[in-house]
Amino acid sequence: MTGRTRARLMGLARRVYRVPSPTYNHASHHNLQRFSNALSEPTRRDGVRVLNVGGGGRQFPPGTLDGFVRQAIVNIDVERHPGVHVLADAARLPFASNAFGGALSTAVLEHVRRPGEAIAEVARVCAPGAMVYIEVPFMQGYHASPHDYQRYTIRGVAELLRDYEDVEVGVCVGPSSALSWVLRGYIKGVLSGFSRSRVRERAAEFVAAWLTTPVKYLDRFVADRPAAEDLASGFYAFARAPKD
């Protein structure tokens with residue numbers, strides 16, 4: 001096999017290899033629309049900016065943020081990705097106080113070494129009363145990006161935001177997703193012999209992911225139930241930046 005043929009086969013394999021997410025976020029779409037609706041008029045009328053902490057290379061789902069809010073977003077991250085405007089540590093934001101009219105951070109704070117300081121920095125750079133939206137994990141497996149430090153119970157989320165106002169916490173990723181993640185990780189481990197071999201891990205994860213991914217969609221029926229928070233995979237929170 002020539003080097004060119006091998007390169008073509010590897011390129012084809014990368015296109016075919018696709019691992020579905022272990023979670024089904026049943027609330028994020030609606031919550032982002034709510035966030036967008038609250039900030040649409042200020043961004044259009046007053047030109048306020050919106051901070052996205054840990055923006056990375058992720059794209060917001062279509063229909064969640066209107067055009068004015070999308071244009072107003074400033075993406076920060078510790079690593080260079082397409083769409084990142086500023087490289088910065090979330091615990092040391094390079095912005096003036098009251099510089100933003102809103103902020104969001106989805107699936108990021110578990111990767112921040114000092115999340116309390118990051119939340120305090122968001123409060124500092126946001127105008128008093130600005131809307132803040134976050135999503136954080138509870139029952140999820142280890143996933144470094146580039147590191148992974150902590151998880152949050154529903155009370156832990158409220159404690160993290162204790163200096164904010166009008167704090168509202170709920171389930172965004174339910175217990176079925178938590179089960180899906182654990183099953184995937186265990187089956188992957190069994191199939192790979194709990195090896196650290198990258199090739200064996202990737203092959204095992206591909207099989208495990210497609211075997212377990214249907215489980216997460218049971219969250220359509222259980223994620224909104226009162227006791228779902230006890231085994232939820234992740235929580236969301238709306239809050240207002242402190243006015244004092």
Side-chain angles (χ1 to χ4, degrees), residues 25-56 58-77 83-86 88 90-112 115-138 152 154-173 223-224 229 232 234-244:
N25 192 324
H26 78 289
S28 188
H29 195 280
H30 171 76
N31 288 347
L32 288 171
Q33 285 181 328
R34 174 179 166 186
F35 179 83
S36 179
N37 291 340
L39 287 165
S40 179
E41 182 64 18
T43 56
R44 181 187 64 80
R45 184 189 63 228
D46 304 324
V48 303
R49 293 186 299 169
V50 178
L51 179 65
N52 182 18
V53 179
R58 296 193 303 270
Q59 299 293 319
F60 293 105
T64 55
L65 303 180
D66 76 16
F68 291 107
V69 176
R70 285 181 182 272
Q71 292 176 11
I73 285 179
V74 176
N75 295 312
I76 71 151
D77 206 288
V84 172
H85 301 112
V86 179
R92 299 178 60 187
L93 296 175
F95 305 110
S97 298
N98 302 336
F100 294 93
L104 70 162
S105 178
T106 58
V108 170
L109 290 175
E110 69 268 31
H111 306 296
V112 176
E117 294 181 27
I119 286 295
E121 275 288 87
V122 170
R124 179 185 67 81
V125 302
C126 279
M131 178 175 281
V132 175
Y133 176 69
I134 69 170
E135 293 180 5
V136 293
F138 176 32
Y152 298 89
I154 195 166
R155 297 292 175 260
V157 179
E159 176 64 19
L160 183 67
L161 297 170
R162 62 187 180 277
D163 294 328
Y164 283 67
E165 300 177 359
D166 302 329
V167 177
E168 171 194 333
V169 185
V171 173
C172 63
V173 189
D224 287 326
E229 65 185 46
F235 296 109
Y236 72 85
F238 282 99
R240 293 285 181 177
K243 296 179 181 178
D244 295 332

Exercise for review: Check whether the side chains of T43 and Q71 place a donor and an acceptor atom closer than 3.5 Å, and report yes or no.
Suggested key: no

Review point. Where the side chain of S40 meets the backbone of N37, is there a donor-acceptor pair that is under 3.5 Å apart?
Key: no

Exercise for review: Grab the two heavy atoms, one from H29 and one from T64, that are nearest each other, plus how far apart they are.
Suggested key: CD2-CG2, 3.4 Å

Check your understanding: Can you name the closest pair of heavy atoms from E229 and I154 and give their distance?
Key -> OE1-CD1, 3.5 Å

Check your understanding: Would you call Y133 and N31 a side-chain contact if the rule is heavy atoms closer than 4.5 Å?
Key -> yes

Practice item. Verify the neighbour count for atom CZ of R155: are there more than 12 heavy atoms of other residues, nucleotides or ligands below 6.0 Å? Key: no

Review point. Looking at V112 and A118, what are the two nearest heavy atoms and their distance?
Key: CG1-CB, 4.1 Å

**Study point:** Validation row: N52, V74 side chains within 4.5 angstrom (heavy atoms)
**Key:** no

Point to revise | Heavy-atom side-chain contact between L104 and F60 under 4.5 Å | key: yes

Check your understanding: What are the two closest heavy atoms between P62 and R70, and how far apart are they?
Key -> CA-NH2, 4.1 Å

Exercise for review: May I ask you to check whether N25 and E135 show a side-chain donor-acceptor distance below 3.5 Å?
Suggested key: yes

Practice item. Assess R240 against Y164: is NZ or CZ under 6.0 Å from the centre of the six-membered ring, and within 45 degrees of the ring's axis? Key: no

**Study point:** CA sep, side-chain torsions, deciding dist, call: Y152, F138, ring pair (Phe, Tyr, Trp, His ring centres under 6.0 Å)
**Key:** CA-CA 5 Å; Y152 298 89; F138 176 32; 9.6 Å; no

Practice item. Before giving the answer on side-chain contact (heavy atoms from CB on, under 4.5 Å), spell out for L109 and I119 the whole-Å C-alpha distance, their side-chain angles and the decisive distance to 0.1 Å. Key: CA-CA 9 Å; L109 290 175; I119 286 295; 3.8 Å; yes

Practice item. Would you check if V132 and F238 make a side-chain contact, meaning some heavy-atom pair closer than 4.5 Å? Key: no

Check your understanding: What is the distance from atom CZ of R162 to atom CG of L160, rounded to the nearest 0.5 Å?
Key -> 7.5 Å

Exercise for review: Evaluate the side-chain proximity of V86 to D77: yes if any heavy-atom separation is below 4.5 Å, no if none is.
Suggested key: no

Check your understanding: Between V136 and I134, what is the shortest heavy-atom contact and its length?
Key -> CG1-CD1, 4.2 Å

**Study point:** Shortest non-hydrogen contact between A130 and C126, atoms and distance
**Key:** CB-CB, 3.9 Å

Exercise for review: Measure the shortest side-chain to side-chain distance between I73 and N75 over non-hydrogen atoms and say whether it is less than 4.5 angstrom.
Suggested key: yes

Check your understanding: Counting only N and O atoms by type, is there a donor-acceptor contact under 3.5 Å from the side chain of S36 to the main-chain atoms of D66?
Key -> yes

Review point. How long is the gap from CZ on R34 to OH on Y236, to the nearest 0.5 Å?
Key: 6.5 Å

Check your understanding: Are V50 and L39 close enough that some pair of their side-chain heavy atoms sits under 4.5 Å apart?
Key -> yes

Output side-chain donor-acceptor pairs under 3.5 Å for residues 91-102, partner residues at least two apart or in another chain, one line each.
from : atom 1 : to   : atom 2 : distance (Å)
S97  : OG     : R124 : NH1    : 3.4

Point to revise | Student check: side-chain heavy atoms of V167 and V157 closer than 4.5 Å | key: no

